[in-house]
Amino acid sequence: MAQKKSWTGVQIAQAVLTGLTLLFLMIPVVQMCFTAFMKNAFRGFKAGFTTEWIEKVLELYGDTIVRSLGIAVAALILCVVIGVPAAWILVREQRKRWAALMEEALILPLSVPGLAIGLGILLIWGGITSLRQSNLFILCGHVMFCLPFMVRSVMAVLRVEPIDAYEEASATLGASPWTTFLKVVVPVAMPGILAGALMVMTVSLGEFNISWMLQTPDTKTLPVGMADSYASMRLEVGSAYTFLFLVILVPILSLMQALPSWLARRAEARRRAADLEPNE
């Protein structure tokens with residue numbers, strides 16, 4: 001019989017510390033979710049529950065939710081289209097000086113405050129009225145801020161893979177550079193693309209500083225509307241807004257975190273099926 005493993009003092013201390021940390025992080029979130037449905041936050045559960053505040057948020061700020069989702073998806077598409085080829089080129093040319101400088105330039109937006117990035121975009125492109133008053137203006141800021149996450153994630157994967165050998169084998173078989181990129185580089189980089197996509201979506205949805213600097217009354221995003229509800233509305237309305245934000249964000253995070261394991265299982269199933277096929 002296998003002996004029952006007992007916990008050591010260190011393991012117990014680690015478990016207690018982890019539990020306390022989770023409580024510290026989760027209790028405010030749970031309280032906020034309850035407050036979103038309370039008739040009166042100061043009276044608490046005694047006042048009863050209602051969906052009035054959720055309905056009010058959807059009525060007053062529903063457009064900000066739709067706009068943020070659209071901008072996040074558009075930012076993700078642009079970051080993939082721009083970031084994956086850029087990461088491939090930077091990895092191929094990583095021994096050259098210009099590639100190192102370009103990589104540093106791509107990371108620079110992460111070290112600059114979002115307000116400064118928004119101010120720079122505003123000063124350069126704010127004079128174009130049609131662009132200034134459209135969602136594309138905010139999208140430009142989000143792409144600039146989110147692109148480094150995609151590039152670095154893809155580069156991290158390509159640097160640990162023998163990508164040069166894959167490209168050489170593809171070229172030997174007569175594939176064009178474009179075919180090599182689509183059929184070889186992209187599948188190899190898929191874990192990094194998915195990890196970068198997770199970061200881009202979450203960062204874009206939650207980005208406040210750039211959005212606040214670039215927004216107009218008709219182009220508010222979800223975090224800007226949330227701040228507006230905190231400042232000018234009741235506590236229950238702000239909590240309802242935050243609750244809706246979590247309802248939107250958590251399923252997206254769960255789905256994008258589950259995608260890599262699902263793709264890995266599919267790839268493993270295909271390999272097993274190929275191994276079981278009789279050799280001709």
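Numbering of residues begins at 1 and proceeds along the displayed sequence.
With rounding to the nearest 0.5 angstrom, the CG atom of Leu122 is 12.0 Å from the CD1 atom of Ile210.
Judged by distance alone, the side chain of Ser170 and the main-chain N or O of Tyr166 form no donor-acceptor pair under 3.5 Å. Of the possible polar contacts, one joining the Ser176 side chain to the Thr179 backbone as a donor-acceptor pair under 3.5 Å is found. Judged by distance alone, the side chain of Glu236 and the main-chain N or O of Ser239 form no donor-acceptor pair under 3.5 Å. No side-chain donor-acceptor contact under 3.5 Å links Ser204 to the backbone of Met201. Between the side chain of Glu207 and the backbone N or O of Asn209, at least one donor-acceptor pair lies under 3.5 Å. Side chain of Arg67 to main chain of Asp218: a donor-acceptor pair is present (N/O by atom type, distance under 3.5 Å, no hydrogens or angles). Side-chain atoms of Thr219 do not come within 3.5 Å of backbone N or O of Gln215 as any donor-acceptor pair.
When only modelled atom types and interatomic distance are considered, Trp88 and Glu167 share a side-chain donor-acceptor pair under 3.5 Å. Looking only at atom types and distance, the side chain of Glu168 has no donor-acceptor partner in the side chain of Thr172 under 3.5 Å away.
No more than 12 heavy atoms of other residues, nucleotides or ligands sit less than 6.0 Å from atom CE of Met144. The neighbour count for Trp98 CH2, taken as heavy atoms of other residues, nucleotides or ligands under 6.0 Å away, is above 12.
Summarising the geometry of Leu249 relative to Leu205, their closest heavy-atom pair is CD1-CD1, 3.6 Å, with the distance given to 0.1 Å. Here the shortest heavy-atom pairing between Val80 and Pro85 reads O-CD, 3.7 Å.
In this structure, the ring of Trp53 has its center no less than 6.0 angstrom from the ring center of Phe37.
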Practice problem: Decide yes or no on salt bridge (Lys or Arg N to Asp or Glu O under 4.0 Å) for Lys56 and Glu59, but give the supporting numbers first. | Solution: CA-CA 5 Å; Lys56 193 173 188 67; Glu59 177 185 351; 5.8 Å; no
Quiz item: Stepwise, does the side chain to side chain donor-acceptor pair (under 3.5 Å) test hold for Thr35 with Gln31?
Solution: CA-CA 6 Å; Thr35 304; Gln31 177 61 41; 3.2 Å; yes
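Between Tyr61 and Tyr241, the ring-plane angle classifies as tilted under the 30° and 60° cut-offs.
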